[in-house]
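Reminder, nothing fancy here: chain letters follow the sequence lines and each chain counts from 1.
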Number of protein chains: 2
Amino acid sequence: MGNLADRIEQYIKEAMARAEEGYVVLQRGILAEAFACAPSQINYVLDTRFTVERGYLVESRRGGGGYLRIVRLEVAADGLLHEVMGQLIGDSVSQERANSLLARLYDEEILTAREAAIIKSVLSREALGGRGPEENTLRARLMKRIITTLCREDLQ
Amino acid sequence: MGNLADRIEQYIKEAMARAEEGYVVLQRGILAEAFACAPSQINYVLDTRFTVERGYLVESRRGGGGYLRIVRLEVAADGLLHEVMGQLIGDSVSQERANSLLARLYDEEILTAREAAIIKSVLSREALGGRGPEENTLRARLMKRIITTLCREDLQ
DNA sequence: GACCTTATGACCTTCTCTGACCTTACGTAT
DNA sequence: ATACGTAAGGTCAGAGAAGGTCATAAGGTC
């Protein structure tokens, strides 16, 4: 956690946690100045950490009075877990994408740390690997089945 | 035992012993510099001494702020886990066999109902199926990884 | 000498960070 | 209205900072 991107991510997440409404509004220039970095570094953090897979939406406006608005997408609240995840997973999913999705489910407390670790281990490249493009297809299939299982009435 | 690999191994194990959480975080470059050796020598040590068979798991990240994280597995975790692991040595496990192993783990309260359900869903024929004999091999591989994950000390 | 373990260096992949340049929005003077 | 200046944010290529891999050399052991 020594690097800049991680610290900026941390900062935004803390602001997010304090926010009442499920979103925060920031200014890129100000943030960049606070962390003494190039403004584009903020974009880098947003692009890599606050993605849709991880459960965030970023809106922005340029010009005078411009801003960044980072919105938290909660899938737990409304019972859309199955639909939303199904969409995000699709027919093929890379290990990186899968990990982002898992991180989100853990953040939203849909998964425990142990559950997330178990799932991560079976969806890893080493576990599924060897079959080239088929690997991503298999991963998607497995992940969808897991989500379906999580939605089962008797496990809530 | 005066050789480099042994000394590096020793050093990491000492750091490990001091660690509270069951893992240590190191940087390959720094370690290599400390021992005045090629960075790849660190990989050699990790590959030969900190393997799963010897009770360790290694995770890493590249790029700026990269690191190595060495996680200790609970060696004496549970007799049952070892027994189950032993049953998997065969390299091939049928769905029925997997289910009965899972049932035992659940009965012994090593797995929660949710965890068991998740695992069962990914090890099912429908999830893995289509590849005939390969299916049982893949199932065994996945299951070994799951058991290993359950032994992670940082998840206890 | 045959064989296994250890060690290195060249080359690769991934992740981070910056700077130059681009686009959009607003305000104000004409 | 139009034009222009200023104040944002956006994009992208490229440098830099890690760790990974693999062939091969060097050392030990029998």
Side-chain angles (χ1 to χ4, degrees), chain A residues 1-13 23-54 56-71 94-100 103 120 124-126 129-130 132 135-136, chain B residues 1-13 15 23-54 56-71:
Chain A
M1 281 307 188
N3 67 11
L4 187 51
D6 288 341
R7 278 184 299 142
I8 296 173
E9 174 187 10
Q10 204 51 41
Y11 172 87
I12 296 177
K13 287 201 166 149
Y23 67 83
V24 289
V25 178
L26 301 165
Q27 286 204 277
R28 188 179 76 151
I30 308 239
L31 241 195
E33 201 162 340
F35 283 94
C37 66
S40 54
Q41 175 69 4
I42 306 300
N43 295 91
Y44 174 70
V45 173
L46 295 177
D47 289 346
T48 54
R49 322 293 221 262
F50 294 87
T51 62
V52 173
E53 297 99 75
R54 288 174 124 97
Y56 297 91
L57 216 63
V58 179
E59 301 165 10
S60 66
R61 223 172 89 183
R62 308 183 187 196
Y67 60 82
L68 300 170
R69 176 209 210 83
I70 302 158
V71 185
S94 70
Q95 181 175 7
E96 293 73 26
R97 241 177 104 78
N99 285 344
S100 290
K120 194 169 162 182
S124 72
R125 187 163 296 129
E126 304 87 65
E135 177 194 319
N136 289 345
Chain B
M1 281 304 158
N3 69 17
L4 187 49
D6 289 337
R7 279 185 293 124
I8 296 174
E9 174 186 9
Q10 205 48 42
Y11 173 87
I12 296 176
K13 286 196 168 154
Y23 66 85
V24 288
V25 177
L26 302 165
Q27 286 203 278
R28 189 181 75 151
I30 307 235
L31 205 49
E33 201 162 340
F35 284 93
C37 65
S40 54
Q41 176 68 4
I42 307 301
N43 294 90
Y44 174 70
V45 174
L46 294 177
D47 290 346
T48 55
R49 322 294 222 259
F50 293 86
T51 61
V52 171
E53 295 81 42
R54 296 193 185 202
Y56 298 91
L57 226 53
V58 180
E59 301 167 359
S60 67
R61 211 169 102 182
R62 307 185 187 193
Y67 59 81
L68 301 169
R69 174 204 292 264
I70 302 157
V71 182

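- Rounded to whole Å, the distance from CD on A:Gln41 to C1' on C:dC15 is 11 Å.
- Closest of all the heavy-atom pairs between A:Arg49 and A:Ala5 is NH2-CB, 3.5 Å.
- If you check D:dG19, D:dG10, C:dA7 against the side chain of A:Leu68, the one that comes closest is D:dG10.
- Put simply, the side chain of A:Ser40 and the base of C:dG19 share a donor and an acceptor less than 3.5 Å apart.
- Atom P of nucleotide D:dA8 and atom CZ of A:Arg69 are separated by 18 Å, given to the nearest angstrom.
- Taking only side-chain nitrogens and oxygens, B:Tyr44 comes nearer than 4.0 Å to OP1 or OP2 of C:dT6.
- Within the 4.0 Å cut-off from OP1 or OP2 of C:dT6, not a single side-chain nitrogen or oxygen of B:Arg7 is found.
- Checking C:dA7, D:dG19, C:dT16 against every side-chain atom of B:Gln27, the shortest atom distance belongs to D:dG19.
- Nearest to the side chain of A:Arg28, among C:dT8, D:dG10, D:dA8, sits D:dG10.
- With contacts defined as side-chain heavy-atom distances shorter than 4.5 Å, the pair A:Leu68/A:Ile42 qualifies.
- Within the 4.5 Å cutoff, no side-chain heavy atoms of A:Asn99 are placed close to those of A:Glu53.
- Per the geometry, CG belonging to B:Asn43 stands 12 Å off C1' belonging to C:dT8, to the nearest Å.
- The interatomic distance linking B:Ile70 (CD1) with D:dG19 (C1') rounds to 13 Å, in whole Å.
- Rounded to whole Å, atom C1' of D:dA8 lies 14 Å from atom CG of A:Leu26.
- In the displayed structure, A:Tyr67 atom OH is contacted under 6.0 Å by more than 12 heavy atoms of other residues, nucleotides or ligands.
- The side chain of A:Cys37 lies closest to C:dT18, out of D:dG19, C:dT18, D:dG10.
- The heavy-atom pair separating B:Cys37 from B:Leu4 by the smallest distance is CB-CD2, 3.6 Å.
- The shortest non-hydrogen separation linking A:Pro39 to A:Ala32 is CA-CB, 3.7 Å.
- The nearest whole Å value for the distance from the CD1 atom in B:Ile42 to the P atom in D:dG19 is 10 Å.
- Proximity of A:Glu9 to A:Phe50: side-chain heavy atoms (C-beta onward) are separated by under 4.5 Å at one or more points.
- Rounded to an integer number of Å, the gap from B:Leu31 CG to D:dA18 P is 14 Å.
- Each of A:Arg49 and B:Arg49 has a nearest nucleotide on DNA chain C; the 5'-most of these lies closest to B:Arg49.
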Could I get a table of every N or O pair under 3.5 Å where one atom is in the protein and the other is in nucleotides 22-26 of chain C?
unit_1: C:dT23; atom_1: O4'; unit_2: A:Arg62; atom_2: NH1; d: 3.2
unit_1: C:dT23; atom_1: O2; unit_2: A:Arg62; atom_2: NH1; d: 2.6
unit_1: C:dT24; atom_1: O2; unit_2: A:Gly63; atom_2: N; d: 3.4
unit_1: C:dC26; atom_1: OP1; unit_2: A:Arg61; atom_2: NH2; d: 2.1

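- Computed from coordinates, the B:Asp6 CG to C:dA7 C1' distance equals 13 Å when rounded to whole Å.
- Between the side chains of A:Asn43 and A:Arg28, at least one donor N or O lies within less than 3.5 Å of an accepting N or O.
- D:dG5 and C:dC26 make up a base pair, with Watson-Crick or G-U wobble contacts both under 3.5 Å.
- Between D:dG10 and A:Ser60, a contact under 4.0 Å exists linking OP1 or OP2 to a side-chain N or O.
- When each of B:Ala38 and A:Val45 is assigned the nucleotide of DNA chain C bearing its nearest heavy atom, the one mapping closer to the 5' terminus is B:Ala38.
- Side-chain atoms of B:Phe35 and B:Gln41, non-hydrogen and from C-beta on, never get closer than 4.5 Å to each other.
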Atom pairs under 3.5 Å: protein N/O with N/O of nucleotides 23-30 of chain D:
none

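- The closest side-chain heavy-atom distance from B:Leu31 to B:Ile12 is below 4.5 Å.
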